[in-house]
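What follows is a single structure, written as C-alpha coordinates, with notes after it.
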Amino acid sequence: MTGFAAQGQGVGGAAQLVAELAEGRVTARELTERSLRRIEETQGTLNAFRRMRAEAALREAAEADRRLAAGERAALLGVPVAVKDDMDVAGEPTGFGCPGEFPPKRADSEVVRRLRAAGAVIVGKTNTPEAGQWPVTEGAAFGITRNPWNPAHSPGGSSGGAATAVAAGLVPLALGSDGAGSVRIPAAWTHLVGIKPQRGRISCRPEAETFRGLVCYGPLARTVADAALLLEAVSGAHPGDRHRPPAIRPVDAARQEPRRLRIALSFRPAFAAVRHWLDPEVRAATVRTAERLAALGHEVIEEDPRYGQVGLAFLPRSMAGIRVWSRRVPDRAALDPRTRRNALAGLVLGGGALAASRAAEGPLRQRVGELFGRFDVVLTPTTAVPPLRTGALDGLSGRATNSLTTASCPYAWPWNVLGWPAMSVPAGFVDGLPVGAQLLGPANSEPLLISLAAQLEADQRWFERWPANVPE
(Lines give C-alpha, C1' and ligand atoms only; values in the text may rest on other atoms or scores of the structure.)
Protein backbone atom coordinates (compact mmCIF):
# COMPACT_ATOMS: atom_id res chain seq x y z
CA MET A 1 0.00 0.00 0.00
CA THR A 2 1.36 3.39 -0.94
CA GLY A 3 0.78 7.08 -0.59
CA PHE A 4 -2.39 8.25 1.14
CA ALA A 5 -4.00 4.85 1.57
CA ALA A 6 -5.18 4.01 5.03
CA GLN A 7 -2.35 2.69 7.11
CA GLY A 8 -2.47 -1.05 6.53
CA GLN A 9 -6.12 -0.95 5.42
CA GLY A 10 -8.07 -0.77 2.20
CA VAL A 11 -9.73 2.48 1.23
CA GLY A 12 -7.76 5.39 2.60
CA GLY A 13 -7.84 8.75 0.88
CA ALA A 14 -9.38 12.04 1.83
CA ALA A 15 -12.51 10.86 3.63
CA GLN A 16 -10.48 8.87 6.14
CA LEU A 17 -7.86 11.59 6.49
CA VAL A 18 -10.56 14.11 7.45
CA ALA A 19 -11.65 11.78 10.26
CA GLU A 20 -8.07 11.14 11.40
CA LEU A 21 -7.32 14.88 11.44
CA ALA A 22 -10.45 15.62 13.47
CA GLU A 23 -9.54 12.87 15.97
CA GLY A 24 -5.96 14.11 16.31
CA ARG A 25 -4.41 10.89 15.00
CA VAL A 26 -2.46 12.85 12.42
CA THR A 27 -1.68 16.52 11.85
CA ALA A 28 -2.05 18.64 8.76
CA ARG A 29 1.66 19.39 8.94
CA GLU A 30 2.52 15.68 8.91
CA LEU A 31 0.30 15.07 5.90
CA THR A 32 1.66 18.11 4.07
CA GLU A 33 5.28 17.19 4.76
CA ARG A 34 4.58 13.67 3.48
CA SER A 35 2.98 15.05 0.33
CA LEU A 36 5.79 17.52 -0.35
CA ARG A 37 8.43 14.84 0.23
CA ARG A 38 6.75 12.45 -2.22
CA ILE A 39 6.36 15.17 -4.83
CA GLU A 40 10.05 16.00 -4.57
CA GLU A 41 11.06 12.33 -4.70
CA THR A 42 9.05 11.66 -7.87
CA GLN A 43 9.40 14.97 -9.69
CA GLY A 44 12.44 13.77 -11.63
CA THR A 45 10.59 10.68 -12.84
CA LEU A 46 6.85 11.32 -12.89
CA ASN A 47 7.04 15.11 -13.25
CA ALA A 48 3.50 15.80 -12.06
CA PHE A 49 3.92 19.40 -10.88
CA ARG A 50 4.59 22.70 -12.61
CA ARG A 51 4.76 24.62 -9.32
CA MET A 52 5.35 23.42 -5.75
CA ARG A 53 4.19 25.60 -2.84
CA ALA A 54 6.28 24.12 -0.04
CA GLU A 55 6.58 27.16 2.24
CA ALA A 56 3.05 28.39 1.60
CA ALA A 57 1.61 24.90 2.04
CA LEU A 58 3.36 24.44 5.39
CA ARG A 59 1.96 27.77 6.57
CA GLU A 60 -1.51 26.67 5.47
CA ALA A 61 -1.02 23.37 7.29
CA ALA A 62 -0.02 25.17 10.49
CA GLU A 63 -3.17 27.27 10.27
CA ALA A 64 -5.24 24.12 9.68
CA ASP A 65 -3.72 22.51 12.77
CA ARG A 66 -4.52 25.62 14.80
CA ARG A 67 -8.15 25.49 13.64
CA LEU A 68 -8.40 21.77 14.33
CA ALA A 69 -7.00 22.23 17.83
CA ALA A 70 -9.60 24.94 18.41
CA GLY A 71 -12.36 22.48 17.54
CA GLU A 72 -13.15 23.81 14.07
CA ARG A 73 -14.29 21.39 11.40
CA ALA A 74 -14.55 21.79 7.63
CA ALA A 75 -14.95 19.43 4.70
CA LEU A 76 -11.23 19.26 3.81
CA LEU A 77 -9.59 20.89 6.81
CA GLY A 78 -5.90 19.96 6.74
CA VAL A 79 -6.05 17.72 3.64
CA PRO A 80 -3.30 18.25 1.00
CA VAL A 81 -4.77 18.94 -2.45
CA ALA A 82 -3.29 19.77 -5.86
CA VAL A 83 -4.83 21.97 -8.56
CA LYS A 84 -4.23 22.01 -12.29
CA ASP A 85 -2.24 24.92 -13.67
CA ASP A 86 -5.25 26.56 -15.30
CA MET A 87 -6.63 27.72 -11.94
CA ASP A 88 -5.46 30.91 -10.27
CA VAL A 89 -3.72 30.62 -6.91
CA ALA A 90 -2.82 33.94 -5.31
CA GLY A 91 0.92 34.54 -5.50
CA GLU A 92 1.49 31.91 -8.20
CA PRO A 93 1.57 32.24 -11.99
CA THR A 94 -1.03 30.49 -14.15
CA GLY A 95 0.65 29.17 -17.28
CA PHE A 96 -1.80 26.47 -18.45
CA GLY A 97 1.09 24.42 -19.81
CA CYS A 98 2.44 27.30 -21.92
CA PRO A 99 6.07 28.46 -21.94
CA GLY A 100 7.20 31.76 -20.52
CA GLU A 101 7.32 33.73 -17.30
CA PHE A 102 3.76 34.51 -16.28
CA PRO A 103 3.07 37.13 -13.58
CA PRO A 104 1.85 35.93 -10.19
CA LYS A 105 -1.90 36.14 -9.72
CA ARG A 106 -3.19 38.64 -7.19
CA ALA A 107 -6.24 36.61 -6.20
CA ASP A 108 -7.51 33.04 -6.09
CA SER A 109 -9.98 31.85 -8.65
CA GLU A 110 -13.39 31.03 -7.17
CA VAL A 111 -12.76 27.29 -7.14
CA VAL A 112 -9.51 27.79 -5.23
CA ARG A 113 -11.24 30.18 -2.84
CA ARG A 114 -13.78 27.45 -2.11
CA LEU A 115 -10.98 24.93 -1.58
CA ARG A 116 -9.44 27.21 0.99
CA ALA A 117 -12.81 27.78 2.64
CA ALA A 118 -13.12 24.00 2.97
CA GLY A 119 -9.73 23.97 4.74
CA ALA A 120 -7.62 22.29 2.05
CA VAL A 121 -3.86 22.75 1.94
CA ILE A 122 -2.82 23.53 -1.65
CA VAL A 123 0.58 21.91 -2.18
CA GLY A 124 1.11 22.84 -5.82
CA LYS A 125 -0.08 23.26 -9.40
CA THR A 126 0.03 20.29 -11.74
CA ASN A 127 1.22 19.97 -15.33
CA THR A 128 -1.01 20.20 -18.38
CA PRO A 129 -0.23 20.46 -22.11
CA GLU A 130 -0.39 23.85 -23.81
CA ALA A 131 -3.90 25.29 -23.31
CA GLY A 132 -5.11 21.78 -22.44
CA GLN A 133 -5.26 20.66 -26.06
CA TRP A 134 -4.02 17.08 -26.08
CA PRO A 135 -4.65 13.72 -24.39
CA VAL A 136 -1.02 13.57 -23.26
CA THR A 137 0.71 15.82 -20.73
CA GLU A 138 3.90 16.91 -22.44
CA GLY A 139 5.33 20.22 -23.55
CA ALA A 140 8.40 22.40 -24.00
CA ALA A 141 7.54 24.35 -20.84
CA PHE A 142 7.90 21.39 -18.45
CA GLY A 143 8.90 18.19 -20.28
CA ILE A 144 7.02 14.90 -19.99
CA THR A 145 4.60 13.89 -17.26
CA ARG A 146 4.56 10.11 -16.92
CA ASN A 147 2.05 7.46 -15.94
CA PRO A 148 2.87 5.87 -12.55
CA TRP A 149 1.56 2.51 -13.82
CA ASN A 150 4.19 2.53 -16.58
CA PRO A 151 6.47 5.56 -17.09
CA ALA A 152 6.84 4.75 -20.79
CA HIS A 153 3.19 5.73 -21.18
CA SER A 154 1.27 8.95 -20.71
CA PRO A 155 -1.19 9.50 -17.86
CA GLY A 156 -3.40 11.20 -20.43
CA GLY A 157 -4.40 14.81 -20.63
CA SER A 158 -4.98 17.44 -20.25
CA SER A 159 -5.26 16.94 -16.48
CA GLY A 160 -2.41 14.43 -16.59
CA GLY A 161 -0.34 16.00 -13.84
CA ALA A 162 -3.31 16.00 -11.48
CA ALA A 163 -4.06 12.35 -12.29
CA THR A 164 -0.45 11.26 -11.82
CA ALA A 165 -0.32 13.08 -8.48
CA VAL A 166 -3.33 11.17 -7.15
CA ALA A 167 -2.53 7.81 -8.75
CA ALA A 168 1.00 7.87 -7.34
CA GLY A 169 -0.19 8.85 -3.86
CA LEU A 170 1.44 12.29 -3.90
CA VAL A 171 -1.88 13.82 -2.84
CA PRO A 172 -5.20 12.20 -1.97
CA LEU A 173 -7.20 14.58 -4.16
CA ALA A 174 -6.69 16.88 -7.13
CA LEU A 175 -8.78 19.23 -9.21
CA GLY A 176 -8.54 19.06 -12.97
CA SER A 177 -10.52 20.61 -15.79
CA ASP A 178 -12.41 18.94 -18.60
CA GLY A 179 -13.08 20.54 -22.01
CA ALA A 180 -13.07 17.40 -24.16
CA GLY A 181 -12.50 14.64 -21.61
CA SER A 182 -9.51 16.18 -19.84
CA VAL A 183 -10.55 14.84 -16.41
CA ARG A 184 -12.08 11.58 -17.62
CA ILE A 185 -9.26 10.53 -20.00
CA PRO A 186 -6.47 10.72 -17.39
CA ALA A 187 -8.77 9.15 -14.81
CA ALA A 188 -9.23 6.17 -17.13
CA TRP A 189 -5.52 5.88 -17.90
CA THR A 190 -4.39 6.08 -14.25
CA HIS A 191 -7.07 3.91 -12.54
CA LEU A 192 -8.96 6.79 -10.91
CA VAL A 193 -12.45 8.17 -10.57
CA GLY A 194 -12.93 11.38 -12.52
CA ILE A 195 -16.04 13.56 -12.63
CA LYS A 196 -16.97 16.14 -15.23
CA PRO A 197 -19.89 17.86 -13.55
CA GLN A 198 -22.82 19.79 -14.98
CA ARG A 199 -21.76 23.03 -16.64
CA GLY A 200 -21.69 25.73 -13.99
CA ARG A 201 -21.65 23.28 -11.08
CA ILE A 202 -18.19 24.59 -10.16
CA SER A 203 -17.64 28.27 -10.84
CA CYS A 204 -15.08 29.28 -13.47
CA ARG A 205 -14.63 32.80 -12.05
CA PRO A 206 -12.79 35.07 -12.80
CA GLU A 207 -14.30 33.95 -16.13
CA ALA A 208 -18.07 33.81 -16.62
CA GLU A 209 -17.36 30.57 -18.52
CA THR A 210 -14.25 29.07 -20.11
CA PHE A 211 -13.70 27.83 -23.65
CA ARG A 212 -17.18 29.11 -24.53
CA GLY A 213 -18.78 26.77 -22.02
CA LEU A 214 -16.89 23.60 -22.95
CA VAL A 215 -14.63 23.48 -19.88
CA CYS A 216 -15.73 22.42 -16.39
CA TYR A 217 -13.54 21.86 -13.34
CA GLY A 218 -13.79 18.42 -11.79
CA PRO A 219 -12.29 16.09 -9.17
CA LEU A 220 -9.82 13.24 -9.55
CA ALA A 221 -9.72 10.71 -6.71
CA ARG A 222 -9.14 7.06 -5.92
CA THR A 223 -12.67 6.49 -4.64
CA VAL A 224 -16.15 7.72 -5.47
CA ALA A 225 -16.60 8.99 -1.92
CA ASP A 226 -13.46 11.11 -2.17
CA ALA A 227 -14.47 12.49 -5.57
CA ALA A 228 -17.90 13.35 -4.18
CA LEU A 229 -16.31 15.02 -1.15
CA LEU A 230 -14.18 17.27 -3.32
CA LEU A 231 -17.04 18.02 -5.71
CA GLU A 232 -19.31 19.07 -2.86
CA ALA A 233 -16.61 21.22 -1.28
CA VAL A 234 -16.02 23.33 -4.39
CA SER A 235 -19.50 23.38 -5.94
CA GLY A 236 -21.64 26.49 -6.03
CA ALA A 237 -22.30 29.44 -8.27
CA HIS A 238 -20.77 32.91 -8.24
CA PRO A 239 -23.12 35.84 -8.99
CA GLY A 240 -21.19 36.51 -12.20
CA ASP A 241 -21.42 32.96 -13.56
CA ARG A 242 -23.22 32.43 -16.85
CA HIS A 243 -24.49 28.98 -15.80
CA ARG A 244 -26.06 28.30 -12.38
CA PRO A 245 -27.49 24.78 -11.98
CA PRO A 246 -29.50 23.79 -8.89
CA ALA A 247 -27.59 22.58 -5.84
CA ILE A 248 -26.87 18.87 -5.31
CA ARG A 249 -25.51 16.73 -2.44
CA PRO A 250 -22.73 14.55 -3.90
CA VAL A 251 -21.61 13.15 -0.52
CA ASP A 252 -25.10 11.90 0.25
CA ALA A 253 -25.34 10.40 -3.24
CA ALA A 254 -22.15 8.39 -2.69
CA ARG A 255 -23.80 6.73 0.32
CA GLN A 256 -27.06 5.83 -1.40
CA GLU A 257 -27.91 2.67 -3.28
CA PRO A 258 -29.28 3.49 -6.75
CA ARG A 259 -32.67 2.23 -7.86
CA ARG A 260 -32.79 -0.35 -10.66
CA LEU A 261 -31.66 1.53 -13.75
CA ARG A 262 -31.95 1.14 -17.50
CA ILE A 263 -28.46 1.56 -18.94
CA ALA A 264 -27.70 2.06 -22.64
CA LEU A 265 -24.42 0.39 -23.61
CA SER A 266 -22.92 2.28 -26.55
CA PHE A 267 -19.77 1.78 -28.59
CA ARG A 268 -20.54 4.12 -31.49
CA PRO A 269 -18.86 7.52 -31.08
CA ALA A 270 -20.10 10.77 -32.52
CA PHE A 271 -19.09 11.57 -36.08
CA ALA A 272 -15.86 13.59 -36.17
CA ALA A 273 -14.48 13.16 -39.72
CA VAL A 274 -11.73 10.76 -38.61
CA ARG A 275 -11.54 6.99 -38.72
CA HIS A 276 -12.40 5.40 -35.40
CA TRP A 277 -11.04 2.10 -34.13
CA LEU A 278 -11.99 0.66 -30.76
CA ASP A 279 -9.30 -1.54 -29.23
CA PRO A 280 -10.87 -4.99 -28.69
CA GLU A 281 -9.46 -5.22 -25.16
CA VAL A 282 -10.92 -1.82 -24.25
CA ARG A 283 -14.27 -2.96 -25.62
CA ALA A 284 -14.02 -6.17 -23.60
CA ALA A 285 -13.29 -4.18 -20.44
CA THR A 286 -16.40 -2.08 -21.01
CA VAL A 287 -18.48 -5.21 -21.63
CA ARG A 288 -17.24 -6.64 -18.32
CA THR A 289 -18.36 -3.43 -16.60
CA ALA A 290 -21.77 -3.78 -18.26
CA GLU A 291 -21.99 -7.38 -17.07
CA ARG A 292 -21.21 -6.37 -13.49
CA LEU A 293 -23.88 -3.65 -13.63
CA ALA A 294 -26.36 -6.25 -14.90
CA ALA A 295 -25.35 -8.59 -12.08
CA LEU A 296 -26.06 -5.76 -9.64
CA GLY A 297 -29.64 -5.70 -10.89
CA HIS A 298 -29.64 -3.10 -13.65
CA GLU A 299 -31.01 -3.59 -17.15
CA VAL A 300 -28.28 -3.07 -19.75
CA ILE A 301 -29.24 -2.82 -23.43
CA GLU A 302 -27.07 -1.89 -26.39
CA GLU A 303 -28.25 1.40 -27.87
CA ASP A 304 -26.49 4.51 -29.17
CA PRO A 305 -27.25 8.19 -28.59
CA ARG A 306 -28.35 10.13 -31.66
CA TYR A 307 -25.41 12.54 -31.68
CA GLY A 308 -26.09 14.22 -35.02
CA GLN A 309 -23.59 16.92 -36.03
CA VAL A 310 -22.36 17.58 -32.51
CA GLY A 311 -18.81 18.05 -33.81
CA LEU A 312 -19.82 21.26 -35.59
CA ALA A 313 -20.83 22.67 -32.20
CA PHE A 314 -17.48 21.73 -30.65
CA LEU A 315 -14.69 22.85 -32.95
CA PRO A 316 -15.33 26.64 -33.12
CA ARG A 317 -15.62 26.88 -29.35
CA SER A 318 -12.52 24.79 -28.71
CA MET A 319 -10.41 26.77 -31.15
CA ALA A 320 -11.74 30.07 -29.77
CA GLY A 321 -10.64 29.03 -26.30
CA ILE A 322 -7.14 28.23 -27.53
CA ARG A 323 -6.98 31.61 -29.25
CA VAL A 324 -7.91 33.36 -26.00
CA TRP A 325 -5.18 31.54 -24.11
CA SER A 326 -2.53 32.07 -26.78
CA ARG A 327 -3.00 35.81 -26.41
CA ARG A 328 -2.05 35.60 -22.72
CA VAL A 329 1.33 33.99 -23.37
CA PRO A 330 4.31 36.35 -22.91
CA ASP A 331 6.02 35.16 -26.12
CA ARG A 332 3.64 33.57 -28.60
CA ALA A 333 6.56 32.60 -30.83
CA ALA A 334 7.59 30.11 -28.12
CA LEU A 335 4.32 28.19 -28.44
CA ASP A 336 4.12 24.85 -30.19
CA PRO A 337 3.39 25.49 -33.92
CA ARG A 338 0.25 23.37 -33.52
CA THR A 339 -0.99 25.71 -30.79
CA ARG A 340 -0.43 28.72 -33.02
CA ARG A 341 -2.26 26.98 -35.86
CA ASN A 342 -5.21 26.16 -33.62
CA ALA A 343 -5.28 29.73 -32.35
CA LEU A 344 -5.49 30.92 -35.96
CA ALA A 345 -8.36 28.50 -36.51
CA GLY A 346 -10.06 30.15 -33.55
CA LEU A 347 -9.88 33.45 -35.40
CA VAL A 348 -11.16 31.96 -38.66
CA LEU A 349 -14.01 30.12 -36.94
CA GLY A 350 -15.08 33.14 -34.91
CA GLY A 351 -18.12 35.19 -35.70
CA GLY A 352 -20.85 33.30 -37.53
CA ALA A 353 -19.45 29.79 -36.99
CA LEU A 354 -18.97 30.41 -33.30
CA ALA A 355 -22.46 31.85 -32.89
CA ALA A 356 -23.95 28.91 -34.79
CA SER A 357 -22.12 26.45 -32.55
CA ARG A 358 -23.77 27.96 -29.48
CA ALA A 359 -27.17 28.12 -31.15
CA ALA A 360 -26.93 24.39 -31.92
CA GLU A 361 -26.76 23.42 -28.24
CA GLY A 362 -30.50 23.41 -27.61
CA PRO A 363 -31.44 21.24 -30.61
CA LEU A 364 -28.55 18.87 -29.83
CA ARG A 365 -29.73 18.45 -26.25
CA GLN A 366 -33.19 17.61 -27.50
CA ARG A 367 -31.81 15.12 -30.02
CA VAL A 368 -29.44 13.33 -27.64
CA GLY A 369 -31.78 13.75 -24.68
CA GLU A 370 -34.44 11.66 -26.39
CA LEU A 371 -32.51 8.63 -25.18
CA PHE A 372 -33.07 9.63 -21.55
CA GLY A 373 -36.80 9.23 -22.01
CA ARG A 374 -36.08 5.48 -22.20
CA PHE A 375 -32.77 5.08 -20.34
CA ASP A 376 -31.28 6.52 -17.17
CA VAL A 377 -27.55 6.30 -17.95
CA VAL A 378 -25.32 5.70 -20.96
CA LEU A 379 -22.26 3.44 -20.58
CA THR A 380 -19.35 3.79 -23.03
CA PRO A 381 -15.60 3.23 -23.00
CA THR A 382 -13.87 6.33 -21.69
CA THR A 383 -11.24 6.09 -24.44
CA ALA A 384 -10.90 3.94 -27.54
CA VAL A 385 -7.36 2.78 -26.69
CA PRO A 386 -5.16 2.10 -23.65
CA PRO A 387 -2.73 4.85 -22.55
CA LEU A 388 -0.65 6.28 -25.38
CA ARG A 389 3.10 6.01 -25.16
CA THR A 390 4.99 9.15 -24.21
CA GLY A 391 6.06 11.01 -27.32
CA ALA A 392 3.15 9.64 -29.36
CA LEU A 393 2.35 13.12 -30.68
CA ASP A 394 5.93 14.23 -31.26
CA GLY A 395 6.69 15.43 -34.76
CA LEU A 396 3.13 15.17 -36.01
CA SER A 397 1.48 17.88 -38.05
CA GLY A 398 -1.44 19.77 -36.60
CA ARG A 399 -3.88 17.76 -38.68
CA ALA A 400 -2.28 14.43 -37.71
CA THR A 401 -2.23 15.44 -34.03
CA ASN A 402 -5.90 16.36 -34.04
CA SER A 403 -6.78 13.15 -35.89
CA LEU A 404 -4.88 10.92 -33.46
CA THR A 405 -6.38 12.78 -30.51
CA THR A 406 -9.93 12.37 -31.79
CA ALA A 407 -9.45 8.74 -32.80
CA SER A 408 -7.94 7.82 -29.43
CA CYS A 409 -10.49 9.67 -27.35
CA PRO A 410 -13.79 9.91 -29.26
CA TYR A 411 -16.25 9.21 -26.45
CA ALA A 412 -15.83 12.10 -24.01
CA TRP A 413 -16.10 15.41 -25.87
CA PRO A 414 -19.81 15.37 -26.92
CA TRP A 415 -20.84 15.75 -23.26
CA ASN A 416 -18.80 18.96 -23.08
CA VAL A 417 -20.92 20.39 -25.87
CA LEU A 418 -24.11 19.33 -24.10
CA GLY A 419 -22.84 20.54 -20.72
CA TRP A 420 -24.15 17.44 -18.94
CA PRO A 421 -22.47 15.35 -16.19
CA ALA A 422 -20.14 12.44 -16.93
CA MET A 423 -17.86 10.16 -14.92
CA SER A 424 -15.01 7.81 -15.68
CA VAL A 425 -14.49 4.82 -13.41
CA PRO A 426 -11.81 2.12 -13.52
CA ALA A 427 -12.66 -0.76 -15.86
CA GLY A 428 -9.60 -2.96 -15.54
CA PHE A 429 -6.26 -3.27 -17.28
CA VAL A 430 -4.92 -3.98 -20.76
CA ASP A 431 -1.35 -5.31 -20.69
CA GLY A 432 -0.90 -3.82 -17.22
CA LEU A 433 -2.22 -0.38 -18.22
CA PRO A 434 -5.46 1.02 -16.78
CA VAL A 435 -8.54 1.71 -18.88
CA GLY A 436 -11.87 3.22 -17.90
CA ALA A 437 -15.59 3.06 -18.50
CA GLN A 438 -17.70 6.19 -18.81
CA LEU A 439 -21.08 6.87 -17.20
CA LEU A 440 -23.08 9.60 -18.95
CA GLY A 441 -26.26 11.27 -17.75
CA PRO A 442 -28.67 14.09 -18.59
CA ALA A 443 -28.71 17.53 -16.98
CA ASN A 444 -28.01 17.64 -13.24
CA SER A 445 -27.61 13.87 -12.97
CA GLU A 446 -24.42 13.84 -10.88
CA PRO A 447 -26.19 12.23 -7.87
CA LEU A 448 -27.45 9.37 -10.01
CA LEU A 449 -24.04 8.78 -11.62
CA ILE A 450 -22.25 9.00 -8.28
CA SER A 451 -24.58 6.51 -6.58
CA LEU A 452 -24.24 4.08 -9.48
CA ALA A 453 -20.45 4.44 -9.49
CA ALA A 454 -20.32 3.88 -5.72
CA GLN A 455 -22.35 0.69 -6.09
CA LEU A 456 -20.00 -0.56 -8.80
CA GLU A 457 -16.96 0.40 -6.70
CA ALA A 458 -18.24 -1.61 -3.73
CA ASP A 459 -18.47 -4.60 -6.05
CA GLN A 460 -15.15 -4.12 -7.85
CA ARG A 461 -13.01 -2.56 -5.06
CA TRP A 462 -10.70 -0.98 -7.61
CA PHE A 463 -9.16 1.30 -4.95
CA GLU A 464 -7.22 -1.65 -3.54
CA ARG A 465 -4.86 -1.79 -6.50
CA TRP A 466 -1.89 0.61 -6.65
CA PRO A 467 0.97 1.11 -9.14
CA ALA A 468 3.76 -1.33 -8.29
CA ASN A 469 6.66 1.01 -9.03
CA VAL A 470 5.65 3.97 -6.86
CA PRO A 471 7.94 4.32 -3.82
CA GLU A 472 6.50 3.96 -0.32
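Numbering starts at 1 and runs along the sequence shown. Predicted model only: the values in this text are computed from it and were never measured.
- Closest non-hydrogen pair, Asp65 versus Ala28, comes out as OD1-N, 2.7 Å.
- For Glu60, the salt bridge (charged side-chain N to carboxylate O under 4.0 Å, His left out) test picks out Arg53, Arg116, with sequence neighbours left out.
- Ser266 approaches Pro381 most closely through the heavy-atom pair O-CD, 3.6 Å.
- Arg199 forms no cation-pi arrangement with Trp415, by the criterion of a distance under 6.0 Å to the ring centre and an angle within 45° of the ring axis.
- Only one option out of Pro129, Pro155, Pro186 pairs with Thr145 in a side chain to side chain contact (heavy atoms under 4.5 Å, CB included); it is Pro155.
- Checked by atom type, the side-chain pair Gln43/Asn47 shows a donor-acceptor distance below 3.5 Å.
- With respect to the salt-bridge test (charged N to carboxylate O, under 4.0 angstrom), the residues Asp86 and Lys125 do not qualify.
- Counting only heavy atoms from C-beta outward, the side chains of Gln16 and Glu20 approach each other to under 4.5 Å.
- Side chain to side chain, Asn127 and Asp85 fail the donor-acceptor criterion of an N or O pair below 3.5 Å.
- Residues meeting the side chain to side chain donor-acceptor pair (under 3.5 Å) test with Asp241, sequence neighbours left out: Ser203.
- Taking the side chain as every heavy atom from C-beta outward, Gln198 and Trp420 approach each other to under 4.5 Å.
- Within the cation-pi definition used here (under 6.0 Å to the ring centroid, within 45° of the axis), Arg262 qualifies as a partner of Phe375.
- Checked for salt-bridge contact, Arg113 and Glu110 meet the test: a charged N lies under 4.0 Å from a carboxylate O.
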Checking Ile450 against Val224 for the side chain to side chain contact (heavy atoms under 4.5 Å, CB included) test, could you report, in this order, the C-alpha distance in whole Å, the side-chain angles of both residues, the deciding distance, and whether it holds? CA-CA 7 Å; Ile450 288 169; Val224 174; 3.8 Å; yes

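- Within a 6.0 Å radius of CZ in Arg249, no more than 12 heavy atoms belonging to other residues, nucleotides or ligands are found.
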Please step through side chain to side chain contact (heavy atoms under 4.5 Å, CB included) for the pair Leu452 and Ile263, ending with a clear verdict. CA-CA 11 Å; Leu452 179 60; Ile263 300 172; 4.1 Å; yes

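- Both tests pass for Arg283 against the ring of Phe267: distance under 6.0 Å to the centre and angle within 45° of the axis.
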Under 3.5 Å, side-chain donor or acceptor atoms of residues 425-441 against the rest of the protein: list the pairs with distances, not counting sequence neighbours.
unit_1, atom_1, unit_2, atom_2, d
Gln438, OE1, Arg184, NH1, 2.6
Gln438, NE2, Thr380, OG1, 2.9
Gln438, NE2, Tyr411, O, 3.1

Could you please spell out the steps behind the salt bridge (Lys or Arg N to Asp or Glu O under 4.0 Å) verdict for Glu33 and Arg37? CA-CA 6 Å; Glu33 287 177 340; Arg37 181 176 65 252; over 6 Å; no

Take Thr94 and Asp88 through the test side-chain hydrogen bond (donor to acceptor under 3.5 Å, both in side chains) and record every step on the way to the result. CA-CA 6 Å; Thr94 300; Asp88 294 346; 2.8 Å; yes

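- Atoms OG and CZ, from Ser318 and Phe211 in turn, are 6.5 Å apart once rounded to the nearest 0.5 Å.
- The distance from the CZ atom of Arg146 to the OG1 atom of Thr42 is 13.0 Å, given to the nearest 0.5 Å.
- Around atom CZ of Arg212, no more than 12 heavy atoms belonging to other residues, nucleotides or ligands sit under 6.0 Å away.
- By the 4.5 Å heavy-atom criterion applied to side chains, Glu40 and Leu36 are not counted as neighbours.
- A donor-acceptor contact closer than 3.5 angstrom is absent between the side chains of Arg317 and Asn416.
- Contact detail for Pro172 and Val166: the closest heavy-atom pair is O-CG1, 3.9 Å.
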Verdict with reasoning, Tyr217 to Lys84, per side chain to side chain contact (heavy atoms under 4.5 Å, CB included): CA-CA 9 Å; Tyr217 298 133; Lys84 184 177 177 179; over 6 Å; no

